[in-house]
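See structure below.
Position 1 is the first residue of the sequence, and the numbers go up from there.
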Amino acid sequence: MKTFTIGGVHPKENKLSKGVAISIAPIPERVMIPLSQHVGAPANPIVAVGDIVKVGTKIGESAGFVSANVHSSVSGTIEKIDMYPDLSGNKKQMIVIKTDGNDEWEPTIDRSTTLQKDITSFTPEIIKEKIAIAGIVGMGGATFPMSVKLTPPKDVTIDYLLINGVECEPYLTADHALMLEKAEEICVGIELIKKALGVSKALVGIENNKPDAIAKMQQVATAYQGIEIVPLKVKYPQGSEKHLIQALTGREVPSRKLPASVGTIVCNVASTFAVYEAVIKNKPLIDRIVTVTGTGLTTTANVLTRIGTSFSDLLNVVGGLPEGTDKVISGGPMMGRAVRSLEIPIMKGSSGVLCMTEKEAHRKPETNCIRCGRCVDGCPMGLEPYLLYALSKKSMFAELNEHNVTDCFECGSCSFSCPAHKPLLDYIRLGKAKAIQILQNEAKKEVDKK
C-alpha cells in the first residue's frame, strides 16, 4: 500500500467522532468575521457600520491576486468594524454582525439539495471566476486562495489533480464525515477543478483507516472518467501536500518549490466540495464542517458551522466547555494552536475544536538529549530537528537558513518522537520566523539596489 518514504510517525488516532453524522450548528446572536482568513493580503471592508446584510452578501473585497473575498455568514446588521485578537492573540481587522433571526439569503444562491452533474455549460474561465467570487480557499489548513492555485504559471504543465482525503491529524473527522455524506458533490467538484486545470486524471488519497469513506468514494467515482480512489497506508503527516504528492505519484517537490513544479495541484476534499457549491449553487464560502471533540466531552460532533461563530457558541452544541479542560486547540493536537480565548471565531481554515484535559495537555519534564536520533528519523522533510533546535536556542538565525529551516512545515513529528521531551518544535517555529524575516530583508535590499 502506498505512502511517503522519509520519516513519519504514528500518534494515537483518537477519532472519537468517527461515524458521527454531520449536524448543523444553531445560528449565533452575532458573528465576528475576520478579513484575513487566507494566505495573502487581507480583504478590504466594503460595508459600513449600520449596513444590513444577508447570508452570502460580500463584505470584504479581495485586495489583490493573492487574496480572497469575504462574505457574511448571517443576515443582520453590521455592528462594528474593528481590530480583535485572532487565535494567536494578534489583532486583526474583523467585521461584527448582529444577526436578525431571519436567516435571509442572497437570492442568487441556490439552496436546494438537488445534485447537478452536468458541467458542460461551464468554461474553465467561468469556473475560476466563480471560485474567486465565492472566496474559496484551501480548507485543509493552508488557506491558499483556490483561484490562485488554479492559475499555475504558463510555462508549467499540470497533469495530475490530487484530492486530499487523508485527514491524518488525530481527533479530526470532518473530512471523513464529508466524504461519507457528500461523495457525489465532491466528485462533481473534482470534475470542475479538472476542467479548470485542463487535466484528465484525478487521484483521491484516503488513508485506509477510513474503509467506509474509501468504499463510498469508489462506488460514486465509477460514474466519472479519470477519478481514481487510492487507499493509503496510515502514517502522519501524509496530509501534507508534498508527502501526499510523493505517496500518490512518486514525485518529490524540490525545496522551496510548489506542487505545480512537479505537474501537480493538490486540493482538500472540503475545498473541492466548496467548489461544487460555488460553481453549481452560487454559494460563497460562508460555512464549513468542524469537528468538536475531546475525551472530556460527553458527546462529540461534526458540525456545519457558520464562519464567524465563536468557539464558545460552537462548544455549546456539545454541552459547553467540559469541566477540567486545561487547553482548547484550534485544529488537532499535532499542528493545531492553543487558543487564548473562546471568543475567537471559526474561520475558513478551522477544521476542529479540541478540548484537552490537564493530564493530556501537561508537558512532561524536559531531560537531557541522549543523541538517539529519533527526531531525525521522524522528520518527514529529512531535516535535523535537534540541530535546528540548538541553532534557534542560541539565536543563530542566519545559520538556520543554511540548514533549510524553511522546509519545516511544523508538523510536530520531532517533538512527538523525542524521549527527552524537548520543546523542539517551539524553538524551531520561533527560529523559522526569524530566519524568514532575514531572507525577506535580504530580498528587500536586493530590490532597493536595483
Between [Y] and [X], is there a salt bridge with N-O shorter than 4.0 Å?
{"X": "Lys128", "Y": "Glu125", "result": "no"}
{"X": "Lys233", "Y": "Glu207", "result": "no"}
{"X": "Lys98", "Y": "Glu29", "result": "no"}

Working for salt bridge (Lys or Arg N to Asp or Glu O under 4.0 Å), residues Lys432 and Glu410: CA-CA 10 Å; Lys432 177 183 167 185; Glu410 304 174 22; 3.3 Å; yes
Heavy-atom count check: over 12 atoms from other residues, nucleotides or ligands less than 6.0 Å from [X] [atom1]?
{"X": "Lys434", "atom1": "NZ", "value": "no"}
{"X": "Lys80", "atom1": "NZ", "value": "no"}
{"X": "Arg256", "atom1": "CZ", "value": "yes"}
{"X": "Ile46", "atom1": "CD1", "value": "yes"}

[X] side chain vs [Y] backbone, donor-acceptor pair below 3.5 Å:
{"X": "Arg288", "Y": "Met347", "answer": "no"}
{"X": "Thr77", "Y": "Glu79", "answer": "no"}
{"X": "Tyr171", "Y": "Val292", "answer": "no"}
{"X": "His10", "Y": "Glu13", "answer": "no"}
{"X": "Asn302", "Y": "Val20", "answer": "yes"}
{"X": "Tyr276", "Y": "Gln116", "answer": "yes"}
{"X": "Lys195", "Y": "Ile119", "answer": "yes"}
{"X": "Thr293", "Y": "Ser17", "answer": "no"}
{"X": "Glu360", "Y": "Thr357", "answer": "yes"}
{"X": "Ser67", "Y": "Ala63", "answer": "yes"}

Would you say [X] and [Y] make side-chain contact, with heavy atoms under 4.5 Å?
{"X": "Ile81", "Y": "Gln93", "answer": "yes"}
{"X": "Pro28", "Y": "Ser310", "answer": "no"}
{"X": "Asp110", "Y": "Ile280", "answer": "no"}
{"X": "Tyr160", "Y": "Val199", "answer": "no"}
{"X": "Val303", "Y": "Ile22", "answer": "no"}
{"X": "Val96", "Y": "Ile78", "answer": "no"}
{"X": "Val188", "Y": "Ile186", "answer": "no"}
{"X": "Leu180", "Y": "His176", "answer": "yes"}

Verdict with supporting geometry, Lys359 and Thr295, side-chain contact (heavy atoms from CB on, under 4.5 Å): CA-CA 11 Å; Lys359 183 179 178 181; Thr295 57; over 6 Å; no
Measuring from atom [atom1] of [X] to atom [atom2] of [Y], what distance do you get when rounded to the nearest 0.5 angstrom?
{"X": "Cys168", "Y": "Asp175", "atom1": "SG", "atom2": "CG", "result": "10.5 Å"}
{"X": "Cys375", "Y": "Leu425", "atom1": "SG", "atom2": "CG", "result": "12.0 Å"}
{"X": "Ser415", "Y": "Tyr389", "atom1": "OG", "atom2": "OH", "result": "9.5 Å"}
{"X": "Thr264", "Y": "Ile245", "atom1": "OG1", "atom2": "CD1", "result": "3.5 Å"}
{"X": "Glu169", "Y": "Glu167", "atom1": "CD", "atom2": "CD", "result": "9.5 Å"}
{"X": "Glu106", "Y": "Asn282", "atom1": "CD", "atom2": "CG", "result": "11.0 Å"}

Chi angles and distances behind the side-chain contact (heavy atoms from CB on, under 4.5 Å) call for Thr249, Leu162: CA-CA 9 Å; Thr249 69; Leu162 307 183; 4.1 Å; yes
Aromatic ring proximity, centroids under 6.0 angstrom, His243 and Phe409: yes
Minimum-distance pair of heavy atoms, taken over all atoms of [X] and [Y]:
{"X": "Thr143", "Y": "Gly349", "result": "CG2-CA, 3.7 Å"}
{"X": "Leu16", "Y": "Thr300", "result": "O-OG1, 3.5 Å"}
{"X": "Leu354", "Y": "Gly332", "result": "CD2-C, 4.2 Å"}
{"X": "Thr222", "Y": "Gln219", "result": "OG1-O, 2.7 Å"}
{"X": "Val9", "Y": "Gly378", "result": "CG1-CA, 4.3 Å"}
{"X": "Phe416", "Y": "Pro11", "result": "CZ-CA, 3.5 Å"}

Tell me yes or no: between the side chains of [X] and [Y], is some donor less than 3.5 Å from an acceptor?
{"X": "Lys210", "Y": "Thr173", "result": "no"}
{"X": "Asp407", "Y": "Ser255", "result": "yes"}
{"X": "Asp100", "Y": "Ser75", "result": "yes"}

Derivation and outcome, salt bridge (Lys or Arg N to Asp or Glu O under 4.0 Å), residues Asp313 and Arg306: CA-CA 11 Å; Asp313 283 333; Arg306 300 289 178 97; over 6 Å; no
Aromatic Phe4 / basic Lys235 pairing, under 6.0 angstrom, 45° off normal: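 Yes, Lys235 lies over the aromatic ring of Phe4.
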side-chain contact (heavy atoms from CB on, under 4.5 Å) between Val405 and Ile428, intermediate numbers included: CA-CA 8 Å; Val405 71; Ile428 293 171; 4.1 Å; yes
Pair Lys149-Glu241, salt bridge (Lys or Arg N to Asp or Glu O under 4.0 Å): steps then yes or no: CA-CA 13 Å; Lys149 184 178 283 193; Glu241 277 191 334; 3.5 Å; yes
Test log, rule side-chain contact (heavy atoms from CB on, under 4.5 Å), inputs Ile206 and Leu232: CA-CA 6 Å; Ile206 308 173; Leu232 298 170; over 6 Å; no
Member of Leu304, Ile346, Val317 meeting the side chain to side chain contact (heavy atoms under 4.5 Å, CB included) criterion with Val290: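 That would be Ile346; it is the only one of Leu304, Ile346, Val317 passing the side chain to side chain contact (heavy atoms under 4.5 Å, CB included) with Val290.
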Matching residue for Asp86 among Gln37, Lys92, Arg337, Lys91 - test: side chain to side chain donor-acceptor pair (under 3.5 Å):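 Among Gln37, Lys92, Arg337, Lys91, the one that satisfies the side chain to side chain donor-acceptor pair (under 3.5 Å) with Asp86 is Lys92.
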